[in-house]
J.: 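Handing you a structure now.
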Amino acid sequence: MEQRGLGGFFDSYLSTKPLFRNKAVLQSAHTPETIFHRDREINAIAGIMAPSLRGDKPSNLFVYGKAGSGKTLTVKHVARELKKQAVGRGIPVSILYLNCKLKKIADTEYRLIAQLAREFGKAIPPTGLPTEEVYKVFHSAVDSAGGVIVLLLDEIDELVKKAGDEILYNLTRINDELQSAKVSIIGISNDLVFLDALDPRVKSSLSEEEIIFPPYNAIQLQDILSHRAKEAFGEGVLEAGVLEKCAAYAAREHGDARRCLELLRVAGEIAERNNFDKVMIKHIDTADEKIERDRLMAILTSQPRQSQATLYAVVSISMKKQGMVFTGDVYELYKSVCGRISMRPLTQRRVSDILAELDMLGIISVKVISKGRYGRTREIALSVPAPSLPRMKRILEEALSL
DNA sequence: GTCAATTCACATGAAAGAGACCACGGTCTAGTG
DNA sequence: CTAGACCGTGGTCTCTTTCATGTGAATTGACGA
């Protein structure tokens, strides 16, 4: 219907000078050539991993740092260099990287070991085999590969949270049973406290060495950002102060470099879409809002229906009445919502857990309080600004087809 | 007025069940030579 | 005779339920001043 208009749109889109020269360098999948402000960490990790070049087993290492502090990047970088050296000298070193957070890939004991075995070219079915069997396959694969094997387990805290620390115990002990290979583990985690929850045996062997990544400060972020921006954008596209503002925003959020880059990328996209020839400071504010909005939207729509119904109950109540929302109120409303959409309601026990999960996702914030004689409950508050509540409610209604 | 006991309304933990998915081996069946 | 279909068994995994135990301060009620 609007063909001429659309054609014109594409025309004008193509005729405007693109702001981006290479957008990929701002995307999180991008691996930069050089890593800034992490020299100390790089050297430390390299020092720990170096013995593998002599065929010795490097100490197990535990790497900790907040999100976006460059842990994964740095560790992978060192691993890559190590591998290069090893190949150059004909030393058998294999490095396996595995993100334990990836659903359906490495988030349980079975899947983790199966995935590791697959890395050695073994075919393991996604389910159906006894876990012990998979261990055996993995053992023999590792042993026949020989040499030093470094396992990089990213987001290892997620794994332990979901599957317990037995896996780590088994993995750290695996060397006792191997003839020709040596396995060492590098665990990467956002969560330092998680170490304390581990079985002491596992804890001591996993963290023979520990490296902590401090968050980037605003100046360092700005430095990183400016290097990437130079590649990403054309000459003179960024208004003065844009980088500073981006860095400041991200520094506020515990120095998350990933977020910082995303912010700049989205700001660029917004500017481009609105036919600006510069990325301006105001675009950053818009970008910040947009990122937050998209994140929320993604979380809302990807939740299972039960969580959506629960959240819907929370939103409705907090829109209707002032003050705090409690578990009991939510559960009552939740049950009636279930009735309306003919869904079998879950028990309160489960809903209680769902509320805790929503808290983890950062949509609501809960606090367990005691109201004395009137019992103990969760005090629930939405961590979404009040103006966006109606929108949120609409989205949920739609998702639940209310 | 003070202080310990009580009480509420859930939180929190542990264990176990249901149902989906899958591999493997044995049995049956139909098609082929 | 053989390939493929079709069980039954035994395994993992996720989401729940069930049962049991924990918890922190407002309230209560006994007690002493």
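Note that the coordinates shown come from a computational prediction; the quantities given were computed from them, not determined experimentally. Chain identifiers are assigned alphabetically (A, B, ...) following the order of the sequence lines, protein sequences preceding nucleic acid strands; residue numbering begins at 1 within each chain.
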J.: Roughly, in whole Å, what's the span from CD1 in A:I369 to C1' in C:dA26?
T.: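 Between C1' of C:dA26 and CD1 of A:I369: 12 Å.
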J.: Rounded to the nearest angstrom, tell me the gap between atom CZ in A:R350 and atom P in B:dA14.
T.: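 The distance from CZ of A:R350 to P of B:dA14 comes to 17 Å, rounded to the nearest Å.
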J.: Is there a side-chain contact between A:E119 and A:L98, using heavy atoms and a 4.5 Å cut-off?
T.: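 Sidechains of A:L98 and A:E119: in contact.
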J.: Is the shortest distance from a Lys or Arg side-chain nitrogen in A:E398 or A:K393 to a carboxylate oxygen in the other one below 4.0 Å?
T.: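 Salt bridge between A:E398 and A:K393, a charged N being under 4.0 Å from a carboxylate O: no.
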J.: Please report the distance, rounded to the nearest Å, between CZ in A:R305 and P in C:dC15.
T.: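 Taking CZ of A:R305 and P of C:dC15, I get 16 Å after rounding.
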J.: Check whether any side-chain heavy atom of A:M297 sits under 4.5 Å from a side-chain heavy atom of A:I395, and report yes or no.
T.: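 Contact flag for A:M297/A:I395 side chains = yes.
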J.: The helix from B:dG1-C:dC31 to B:dG31-C:dC1: angle between its terminal axes, five pairs each, to 10°?
T.: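 One end axis against the other gives 20°.
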J.: Spell out protein contact along nucleotides 4-12 of chain B as letters: B when the base is contacted, S when just the sugar-phosphate is, - when no protein heavy atom is under 4.0 Å; keep the 5' to 3' order.
T.: ---BBBSSB
J.: Just wondering, do A:E208 and A:F62 contact through their side chains at under 4.5 Å, heavy atoms?
T.: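 No, every pair of side-chain atoms sits at 4.5 Å or beyond.
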J.: Would you say A:T347 reaches C:dT16's phosphate, i.e. side-chain N/O to OP1/OP2 under 4.0 Å?
T.: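 No, A:T347 has no side-chain N/O under 4.0 Å of OP1/OP2 on C:dT16.
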J.: Between C1' on B:dC21 and OH on A:Y110, what's the gap in Å once rounded to a whole number?
T.: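 A:Y110 atom OH is separated from B:dC21 atom C1' by 11 Å.
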J.: Is it the case that the ring center of A:H283 lies less than 6.0 angstrom away from the ring center of A:F276?
T.: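 For A:F276 and A:H283, the ring centres are under 6.0 Å apart.
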J.: Could you list the residues that satisfy salt bridge (charged side-chain N to carboxylate O under 4.0 Å, His left out) with A:E244, not counting sequence neighbours?
T.: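 Per chain and number, A:E244 pairs via salt bridge (charged side-chain N to carboxylate O under 4.0 Å, His left out) with no residue.
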J.: Establish, for the pair A:K66 and A:F213, whether the NZ or CZ atom is under 6.0 angstrom from the six-membered ring centre and no further than 45 degrees off its axis.
T.: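 No; the conditions do not both hold, so A:K66 does not lie above the ring face of A:F213.
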J.: With a cut-off of less than 4.0 Å, is there a side-chain N or O of A:R111 near OP1 or OP2 of C:dT14?
T.: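 For A:R111, the contact criterion (side-chain N or O under 4.0 Å from OP1 or OP2 of C:dT14) is met.
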J.: Compute both the distance and the angle, then confirm whether A:R38 meets the cation-pi test with A:Y216: under 6.0 Å from the six-membered ring centre, within 45 degrees of the axis.
T.: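 Ring-cation test returns yes.
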